[in-house]
Amino acid sequence: LYPDRGVKLITYAYQYTHGVPGNGYTVSDNVIINFCFDKACYNHAFDDPDCPKNTPVAAELREWAKHCKAENLYVYEYAYNCGDNYLPDPNLFVMWENFQFYLECGVNGILSEGITARGGEFDSLRAYLRSKLVWNPRMTEEKFNTLMEEFLADYYGDAAPYMAEYLKLFCDGERVSCTDMYTPMYTFYQTVEQRGSTNVSQELLDQCQALFDKAFAVETLTEAQREHLECTSIHLLMVRYSYFPKGDRNEKKELYDTIIAWREKYGV
C-alpha cells in the first residue's frame, strides 16, 4: 500500500469490518486503524468488565493495539444519542474513564462526533470537557470533576446544583442499564421495572421537571444563564409532550407552544 511514498491510509474498524484478522495478519506501518465504537454501550465505561456490551468492544480495541503501530491507532466515538439528537448522551460521567482506556491502548487520536443539535443535549458542557481531555488526557479524575463543576457554575449560575442533580439522575447507570448509540428517549425515563417496555415513569418525569423548576426559580440568574436553562430544558419538554398523560388539553397545548417558541428562539 505504497509505504515508500510517505502516504498514510485510513481504514475503519466499523460495522461489518469489526474483528481483528488472525493467521499472523499484520498492519502496514502506513495504515491507520480508526476503531469505531458503534457497537458500544455509552452509559458505562468502555472497559467496564461488568458491562456485557463493552467487554467484547474493549477486547477488540486492545487486540488492534497489538497489531498496529501506536501512532496509527485512532478511535471514532459517537458522543451523542443518534436515536434522538436532543437527548443528553449518558457518557458525561464515564468520559474520563474512557480517555484513560484510550491511553492504555496507545490511541494517538480521536474523532468525537458529539455536537449535533443545539438545544437539550448538554453540548456546551460536552464540548468543553472533551476539549480539555484531548489537551490533557492524563488529568486526574478529581481535576475532571472539578472542571465539570466549574463549567456548570459558570453556565447555570446558582442553578448549577439542580442541573448537576438532573444529570446524575439522567445518567444513572444502574437504573438505565446498558444503552447504545440509538437508544430511544423513553429508556432514560423508566424505572428498573419498566425496562423492556416503551413506557415512561410520570413520577420520574415530574421529578426531573421539579429540578428544572427549582433552577428557574433561582433569583440570582443572569439573563444568559436563564437562557442556557431554557435551551437545555427543551429536550425534557419534548419528552413530556411525547408522553403527556391523558388530561388537560390546554396544558398540553401550553407545553407545545413553549417548545415551539424556545426552539425558534435558540435555532433548534
Side-chain angles (χ1 to χ4, degrees), residues 8-14 18 27 30-48 51 54 57-58 60-82 85 87-156 160 163-164 167-168 170-171 173 179-181 228 231-232:
K8 287 198 173 184
L9 305 176
I10 300 177
T11 185
Y12 285 79
Y14 181 50
H18 272 297
V27 180
N30 68 322
V31 174
I32 293 174
I33 300 298
N34 202 345
F35 183 88
C36 185
F37 286 92
D38 55 309
K39 296 185 177 182
C41 164
Y42 283 82
N43 204 39
H44 299 112
F46 291 147
D47 62 341
D48 184 344
C51 178
N54 284 344
V57 173
E60 185 182 346
L61 181 59
R62 289 189 174 107
E63 196 64 24
W64 273 119
K66 299 175 184 177
H67 283 72
C68 68
K69 294 177 63 176
E71 66 185 59
N72 289 342
L73 183 59
Y74 286 65
V75 295
Y76 184 143
E77 62 172 44
Y78 292 90
Y80 76 103
N81 189 336
C82 298
N85 293 348
L87 280 180
D89 189 88
N91 72 342
L92 282 167
F93 292 100
V94 296
M95 193 186 301
W96 178 84
E97 295 176 75
N98 288 343
F99 270 74
Q100 306 319 298
F101 177 50
Y102 299 156
L103 288 174
E104 173 200 324
C105 295
V107 170
N108 190 43
I110 176 173
L111 172 59
S112 180
E113 188 175 338
I115 309 297
T116 61
R118 176 171 172 76
E121 216 281 320
F122 286 75
D123 46 6
S124 297
L125 171 61
R126 184 179 312 284
Y128 177 76
L129 292 175
R130 300 195 87 71
S131 63
K132 290 292 187 180
L133 279 169
V134 169
W135 187 259
N136 179 21
R138 291 179 173 80
M139 71 172 66
T140 65
E141 186 173 16
E142 181 181 8
K143 175 62 175 178
F144 175 79
N145 291 333
T146 298
L147 288 172
M148 183 184 295
E149 292 170 2
E150 290 176 348
F151 182 93
L152 291 174
D154 288 341
Y155 202 68
Y156 298 110
M163 291 297 93
L167 277 172
K168 289 180 181 179
F170 184 89
C171 300
T179 65
D180 58 39
M181 54 187 284
H228 294 160
C231 191
T232 302

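Note that the coordinates shown come from a computational prediction; the quantities given were computed from them, not determined experimentally.
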Original post:
Sequence neighbours excluded, which residues qualify as ring pair (Phe, Tyr, Trp, His ring centres under 6.0 Å) partners of F151?
Top reply: Y128, Y155

Original post:
Of all heavy-atom pairs between A45 and E97, which one has the smallest distance, and what is that distance?
Top reply: CB-OE1, 3.7 Å

Original post:
Which atoms form the tightest heavy-atom contact between V57 and K39, and what is the distance?
Top reply: CG2-O, 3.9 Å

**OP:** Just do the side-chain contact (heavy atoms from CB on, under 4.5 Å) check on F99 and I110 with the steps written out, would you?
**Re:** CA-CA 10 Å; F99 270 74; I110 176 173; 3.8 Å; yes

**OP:** List the atom of C105, the atom of A65, and the distance in Å for their closest heavy-atom pair.
**Re:** O-CB, 3.3 Å

Original post:
Could you give the distance from NZ (K132) to CG (L147), rounded to the nearest 0.5 Å?
Top reply: 6.0 Å

Original post:
For the atom pair CG (L103) and CG (N98), what is the distance rounded to the nearest 0.5 Å?
Top reply: 11.5 Å

Show which side-chain atoms of residues 137-145 pair as donor or acceptor with protein atoms under 3.5 Å away, not counting sequence neighbours.
| residue | atom | partner | partner atom | Å |
| --- | --- | --- | --- | --- |
| T140 | OG1 | K143 | N | 3.0 |
| N145 | ND2 | E141 | O | 3.3 |

**OP:** Examine distances only and state if a side-chain atom of Q100 and a backbone atom of W96 form a donor-acceptor pair shorter than 3.5 Å.
**Re:** yes

Subject >> Derivation of the side-chain contact (heavy atoms from CB on, under 4.5 Å) call for D48 and V94 >> reply: CA-CA 10 Å; D48 184 344; V94 296; over 6 Å; no

**OP:** Test L61 against D47 for side-chain contact (heavy atoms from CB on, under 4.5 Å), laying out the working first.
**Re:** CA-CA 10 Å; L61 181 59; D47 62 341; over 6 Å; no

Original post:
How far does CG of L92 sit from CZ of F170, to the nearest 0.5 angstrom?
Top reply: 9.5 Å

Original post:
What pairs with F46 under ring pair (Phe, Tyr, Trp, His ring centres under 6.0 Å), at least two apart in sequence or on another chain?
Top reply: F37, Y42

Subject >> Separation of D180 CG from D38 CG (nearest 0.5 Å) >> reply: 10.0 Å

Original post:
Can you tell which of I10, V27, N108, T11 makes a side-chain contact (heavy atoms from CB on, under 4.5 Å) with I32?
Top reply: I10

Original post:
Under the side-chain contact (heavy atoms from CB on, under 4.5 Å) criterion, do Y102 and L73 qualify, and how do the steps go?
Top reply: CA-CA 10 Å; Y102 299 156; L73 183 59; over 6 Å; no

Original post:
Is there side-chain contact between Y76 and Y14, with heavy atoms separated by less than 4.5 Å?
Top reply: no

**OP:** Can you see which heavy atom on H18 is nearest to which on C36, and at what distance?
**Re:** CE1-O, 3.1 Å

Subject >> Nearest-0.5 Å distance that lies between atom OG in S124 and atom CG in L152 >> reply: 11.0 Å

**OP:** Inspect the contact between K8 and E71 and indicate whether a charged nitrogen and a carboxylate oxygen are less than 4.0 angstrom apart.
**Re:** yes

Original post:
Between atom CG of N43 and atom CZ of F93, what is the distance when rounded to the nearest 0.5 Å?
Top reply: 11.0 Å

